[in-house]
Amino acid sequence: MKWETVIGLEIHVQLACESKIFSSSSTKYGMPQNTQASLVDLGYPGVLPVLNHQAVVMAIKFGLAVDAEIAEKSIFARKNYFYPDLPKGYQISQYELPIVFNGSIEIPINDKSMKTIRITRAHLEEDAGKSIHDKFDNASAIDLNRAGTPLLEIVSEPDLSSSEEASSYMQKIHQLVRYLKISDGNMQEGSFRCDANISLRPLGSNVLGTRAEIKNINSFKFVEKAIEFEVERQKAILDEGESVTQETRLYDSEKNETRSMRSKEEATDYRYFPDPDLLPILVEKDLIKEIKKELPELFDQKVDRYIKQYSIRKVDAVEIAKNIDIAEFFEALIHHFKENYQQAANWLLSELMGYLNKENISITDLTITADASAELLQKIHENVVSTSMAKIILKQLIETNDSVDEIIEAQGLKQISDRGQIEAIVKEVIELFPDQRDQYLSGKEQVLGFLIGQVMKKTSGKANPKMVNQILLEKLKENRRR
Amino acid sequence: MERFTLKKLIHMISQREISSAELVSIYFQRIKKYDHFLNSFITLNQESAEEQSLIADKKIQAGNYDLLTGIPYASKDIFCTKGIKTTCASKMLENFVPPYDSTVINQIKNSGAILVGKTNMDEFAMGSSNETSYFGPVYNPWDLERSPGGSSGGSAAAVASGIIPIALGTDTGGSIRQPAAFTGITGLKPTYGRCSRYGMIAFASSLDQAGLLALTAEDIAIFLEAMSGFDPLDSTSVEEPVPQYSDSLHNSIAGKTIGLPKEFFNNSLDTESQRILNQGIEIYEKLGAKITEISLPNVGYSVPTYYVVASAECSSNLARYDGIRYGYRDDNTKDLDDLYRTNRQIGFGDEVKRRIMTGTYVLSAGYYDAYYLKAQKVRQLISNDFEEAFKEVDLIIGPTTQSPAFNIGEKIDDPVSMYMNDIYTISSNLAGLPALSHPVGFFDKLPIGMQLIAPHFHEYQLLNFCHLFQQETDFHLQQPQAFLDD
């Protein structure tokens with residue numbers, strides 16, 4: 001039988017609010033355990049939640065960016081279940097009336113075409129704390145720093161039909177929340193993670209099959225692998241004529257397999273009901289207008305603008321705009337360096353990105369400023385330094401924090417573009433290697449490279465290569481005439 | 001002993017007839033002498049109160065003091081008090097010392113009044129007789145065999161006996177008004193949102209409201225000003241200016257209309273109570289009010305509606321008591337499930353467990369619509385009934401309870417009969433309305449209360465009516481005989 005894969009994703013995005021969604025505690029990551037949990041986060045008797053308005057604004061931003069409807073009135077509900085890292089015994093979430101609903105987003109598939117994925121809803125909720133089971137013998141520890149961290153849960157319709165599409169969708173949402181600056185999207189820290197609902201049905205059927213939900217996937221690679229594994233698992237079951245059990249499964253990235261966590265029968269009855277401690281969120285039309293006005297330029301618009309305004313090749317524009325941090329660095333760079341935008345793009349994508357990839361760091365980890373980079377570009381453009389020297393300078397720039405001029409000065413990296421100086425060295429080289437000179441003059445042109453190399457060696461690579469090339473040819477010509 | 005009104009104490013302090021230190025000392029002597037008959041306090045705050053009284057006296061001597069500076073008061077043990085045990089009368093919180101003050105406690109502290117102690121109550125405010133307290137029942141000063149009502153039974157008994165001039169209570173379904181009626185004092189439940197709920201341990205969040213128990217409307221007016229207003233820490237508190245309640249106490253009520261809901265004067269009310277209430281109504285007529293019969297057609301559904309909504313909310317509100325971060329923790333549990341089960345089984349009393357189970361049931365998949373959702377709809381209908389009624393009348397009057405105080409042990413094994421106690425009081429919680437109970441007479445040496453209900457934020461009207469009534473009568477001045485001896 002031919003089976004069709006049906007996938008829906010629930011993506012949990014940690015919102016980039018400074019304080020928690022219902023308390024004033026900081027949301028900073030990586031702090032000592034339980035130092036960022038106030039009485040509200042600890043679920044003390046008598047305390048009450050107060051909504052962080054910033055989270056609402058961020059949710060609306062997202063809604064507008066995916067052409068969704070923004071609920072005039074949405075309400076918080078309590079999701080009741082017992083777990084030690086859930087201090088109140090319930091999670092404050094949204095259930096019947098989410099703040100964002102009926103949206104959609106276009107994702108690229110098969111490199112060329114686009115597919116529309118419908119977004120059912122996006123709702124605000126609080127994160128739970130963390131249980132730590134491997135730190136103490138015979139005891140589990142609880143860190144409540146994360147408890148109450150604002151989350152936006154984005155639920156898609158089951159419009160995704162392959163692991164690649166799921167990953168593409170996840171990346172698109174990731175890119176979007178980063179563009180909107182509503183999340184740092186840091187997947188290692190758990191700021192961006194998803195649950196995948198997967199089912200199969202006979203190809204062409206309109207009826208959904210029984211699904212399995214895979215929890216807490218925190219990378220684009222894992223979402224593909226988990227789905228691929230799960231599809232094969234379900235296919236094997238269905239091909240045998242048996243049926244898939246509705247259950248929650250866990251993806252083990254080390255073993256690359258999914259495992260059953262709990263079945264539908266074991267599922268908790270969450271007993272959702274409206275939280276009486278919080279008033280409904282009422283969103284005024286004016287607020288939506290205001291937020292709409294302040295929406296940043298998004299990916300597609302940016303790519304278009306780069307092509308139109310800066311005449312950059314499309315492939316480079318896409319590459320730069322892919323990551324908002326790189327795009328912002330690029331824009332700062334060309335703010336200071338206006339000589340040649342394509343040259344700036346080339347340098348950014350090959351030199352700077354090359355360095356980042358080699359060191360495995362992100363652009364935001366760099367201390368190097370865009371104007372220092374522009375200064376370096378300017379030196380390359382003006383032939384003050386060679387491209388190869390520029391590589392060394394860039395490394396120094398990043399590692400020492402000295403200025404471009406200081407590095408050039410200290411390391412004597414300045415390019416030799418003085419005609420007289422180069423002529424003298426060329427002359428010297430030709431005299432030193434008469435055999436090679438003669439070989440060249442007799443038509444063996446590849447010897448030119450050797451002679452250039454000798455000039456560069458004598459100048460420790462600082463001679464302007466273009467000039468060396470030109471002067472060497474001139475001098476050799478003169479020799480021929482003799 | 002002489003029962004002092006708050007007003008009298010304020011006068012004495014301002015006339016330097018007595019110092020705050022003397023006053024605080026008098027009340028601790030009274031508590032020591034009488035409270036073992038009543039069991040109205042769970043925790044005393046003597047050392048700190050004495051210290052504060054000395055500071056208050058310095059301020060008073062310097063002429064730099066407020067109306068309530070140096071005045072002793074008590075708080076129901078449901079308000080979190082920094083550094084002072086707050087038990088909610090539960091084994092679960094037997095040793096719980098909050099690291100913070102509730103907003104109301106803080107406001108009162110800022111007004112200068114001195115907290116003497118924390119009063120007994122039904123466990124987590126669930127009960128109508130003060131018999132569900134882990135620390136034992138409170139006894140009614142009018143008859144020590146009887147219940148003072150609940151859940152603010154400790155506050156009521158302490159004020160009625162005169163061992164404290166005024167006390168904080170909370171009212172979710174009648175927990176201030178019913179004990180006030182049973183002990184012959186005045187009790188006010190303000191509008192939902194009038195006082196902050198921050199730091200008030202939640203029973204049913206959409207119904208809970210802080211309020212006061214005192215001897216007179218005048219005393220409540222003075223104290224209410226100190227503890228009302230919007231609190232940014234409580235999203236459900238309302239940004240509505242706080243009036244000077246004392247200023248409108250003497251307003252004439254001539255020409256005002258009082259509605260008597262026919263649903264409140266039916267067979268469930270005992271005949272003696274009915275007769276006494278009628279006499280009270282005549283007094284209001286004498287004061288110039290017009291009496292008219294009204295109907296609140298859906299008010300009969302109040303009790304079941306309440307027990308669905310309140311139980312649902314409590315089942316969720318009490319989920320945090322797992323013994324992990326604070327509260328009762330059993331040391332001999334095997335695993336996580338056992339930890340939850342054991343801590344909650346031992347930490348909570350029967351009535352609390354009954355309501356958690358009821359609440360869990362009504363919120364469960366498949367039952368939610370039939371119970372919780374339906375109850376919310378009925379709640380809206382009850383609210384609408386009041387809204388309609390207040391288009392015709394300024395105030396609604398009815399009984400506070402069906403009968404005077406019942407005996408301890410009489411109803412504790414019959415939850416439904418116990419729940420029916422709140423039949424007249426619950427509807428104003430469901431509608432969020434302010435309501436007050438004041439003494440209206442005696443039957444068989446037991447006080448009877450009358451309930452006044454006003455539109456939202458019309459506390460001033462309740463206090464105004466009640467004050468004029470108390471100018472015409474002396475029911476509120478009568479004291480339980482057993483506490484008269486010196």
Side-chain angles (χ1 to χ4, degrees), chain A residues 21-24 34 37-53 75-92 95-96 129 131 133 138-144 147 264 267-282, chain B residues 78-80 86-88 90 92-93 96 98-103 124 196-202 204-208 231-237 309 312-313 315-322 324-327 336-337 339-341 344 359-368 372-373 376:
Chain A
I21 186 165
F22 300 117
S23 84
S24 53
N34 296 310
S38 68
L39 296 177
V40 173
D41 309 314
L42 290 167
Y44 256 59
V47 297
L48 296 170
V50 177
L51 177 62
N52 181 345
H53 186 67
I75 53 175
F76 284 106
R78 293 184 183 178
K79 180 179 179 177
N80 296 284
Y81 65 96
F82 284 103
Y83 205 69
D85 59 24
L86 187 72
K88 298 188 294 298
Y90 57 84
Q91 178 195 26
I92 305 177
Y95 186 56
E96 280 182 332
S131 294
H133 301 297
N138 287 324
S140 288
I142 302 162
D143 178 7
L144 293 175
K264 191 187 174 190
T268 322
D269 177 358
Y270 291 124
R271 291 173 282 120
Y272 280 102
F273 76 105
D275 191 330
D277 288 335
L278 290 158
L279 301 177
I281 310 175
L282 302 177
Chain B
I78 195 169
F79 291 89
C80 284
T86 301
T87 68
C88 246
S90 179
M92 184 59 87
L93 294 178
F96 176 64
Y100 76 109
D101 273 328
S102 61
T103 298
F124 281 101
S196 171
R197 288 190 298 116
Y198 188 79
M200 197 173 98
I201 296 179
S205 313
S206 74
L207 301 157
D208 294 344
D231 178 9
L233 298 179
D234 173 6
S235 311
T236 62
S237 68
V309 174
E313 292 182 10
S315 72
S316 174
N317 282 334
L318 270 61
R320 67 189 60 198
Y321 304 105
D322 53 17
I324 292 175
R325 284 142 295 128
Y326 49 78
L336 187 58
D337 279 349
L339 177 88
Y340 282 123
R341 206 178 296 119
R344 291 169 67 80
T360 304
Y361 177 80
V362 301
L363 289 175
S364 297
Y367 298 98
Y368 180 88
Y372 184 77
L373 208 60
Q376 288 296 9

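Just so we're on the same page: letters track the sequence lines, and every chain starts at 1.
Not a single donor-acceptor pair under 3.5 Å links the side chain of A:Asp269 to the backbone N or O of B:Ser364.
Considering only heavy atoms from C-beta on, A:Phe82 stays 4.5 Å or farther from B:Leu336 through its side chain. Taking the side chain as every heavy atom from C-beta outward, B:Arg325 and A:Leu144 approach each other to under 4.5 Å. A 4.5 Å side-chain heavy-atom check between B:Leu233 and A:Leu48 finds every atom pair outside the cut-off. The shortest distance between side-chain heavy atoms of A:Leu39 and B:Pro99 falls below 4.5 Å.
Heavy-atom distances place no part of B:Pro98 under 4.5 Å from chain A, backbone and side chain included. Contact of B:Ala312 with chain A is made through the backbone alone, with heavy-atom distances under 4.5 Å. The contact between B:Asn317 and chain A is made by backbone and side chain atoms together, counting heavy-atom distances below 4.5 Å. In this structure, chain A has heavy atoms under 4.5 Å from both the backbone and the side chain of B:Thr360. Proximity to chain B (any heavy atom under 4.5 Å) is shown, for A:Leu86, by neither the backbone nor the side chain. At a 4.5 Å heavy-atom cutoff, B:Ser102 makes no contact with chain A through either its backbone or its side chain.
Of the listed residues (B:Ala365, B:Ala319, B:Cys88), the greatest number of heavy-atom pairs within a distance under 4.5 Å of chain A belongs to B:Ala319. With chain B as the partner, the residue from A:Pro49, A:Pro276, A:Gly89 showing the most heavy-atom pairs under 4.5 Å is A:Pro276.
A search for side-chain hydrogen bond (donor to acceptor under 3.5 Å, both in side chains) contacts involving B:Thr86 returns B:Thr81, B:Lys118, not counting sequence neighbours.
Less than 6.0 angstrom separates the ring centroid of A:Phe273 from the ring centroid of B:Tyr372. Aromatic pair A:Tyr44/B:Phe96: centroids less than 6.0 angstrom apart.
B:Tyr321 and A:Pro45 get closest at one heavy-atom pair: OH-CB, 3.6 Å. The minimum heavy-atom distance linking B:Tyr326 with A:Leu42 is given by the pair CE2-O, 4.3 Å. A:Pro274 and B:Tyr368 get closest at one heavy-atom pair: CD-OH, 3.5 Å. The nearest pair of heavy atoms linking B:Ser235 to A:Val50 is OG-CA, 3.9 Å.
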Exercise. Could you go step by step and tell me if A:Tyr90 and B:Arg320 meet the side chain to side chain donor-acceptor pair (under 3.5 Å) rule?
Worked result: CA-CA 8 Å; A:Tyr90 57 84; B:Arg320 67 189 60 198; 3.2 Å; yes

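Applying the side chain to side chain donor-acceptor pair (under 3.5 Å) test to every pair with at least one member in residues 270-279 of chain A, sequence neighbours left out, gives these pairs: A:Arg78-A:Asp275, A:Arg78-A:Asp277, A:Asp277-B:Arg197, A:Asp277-B:Ser205.
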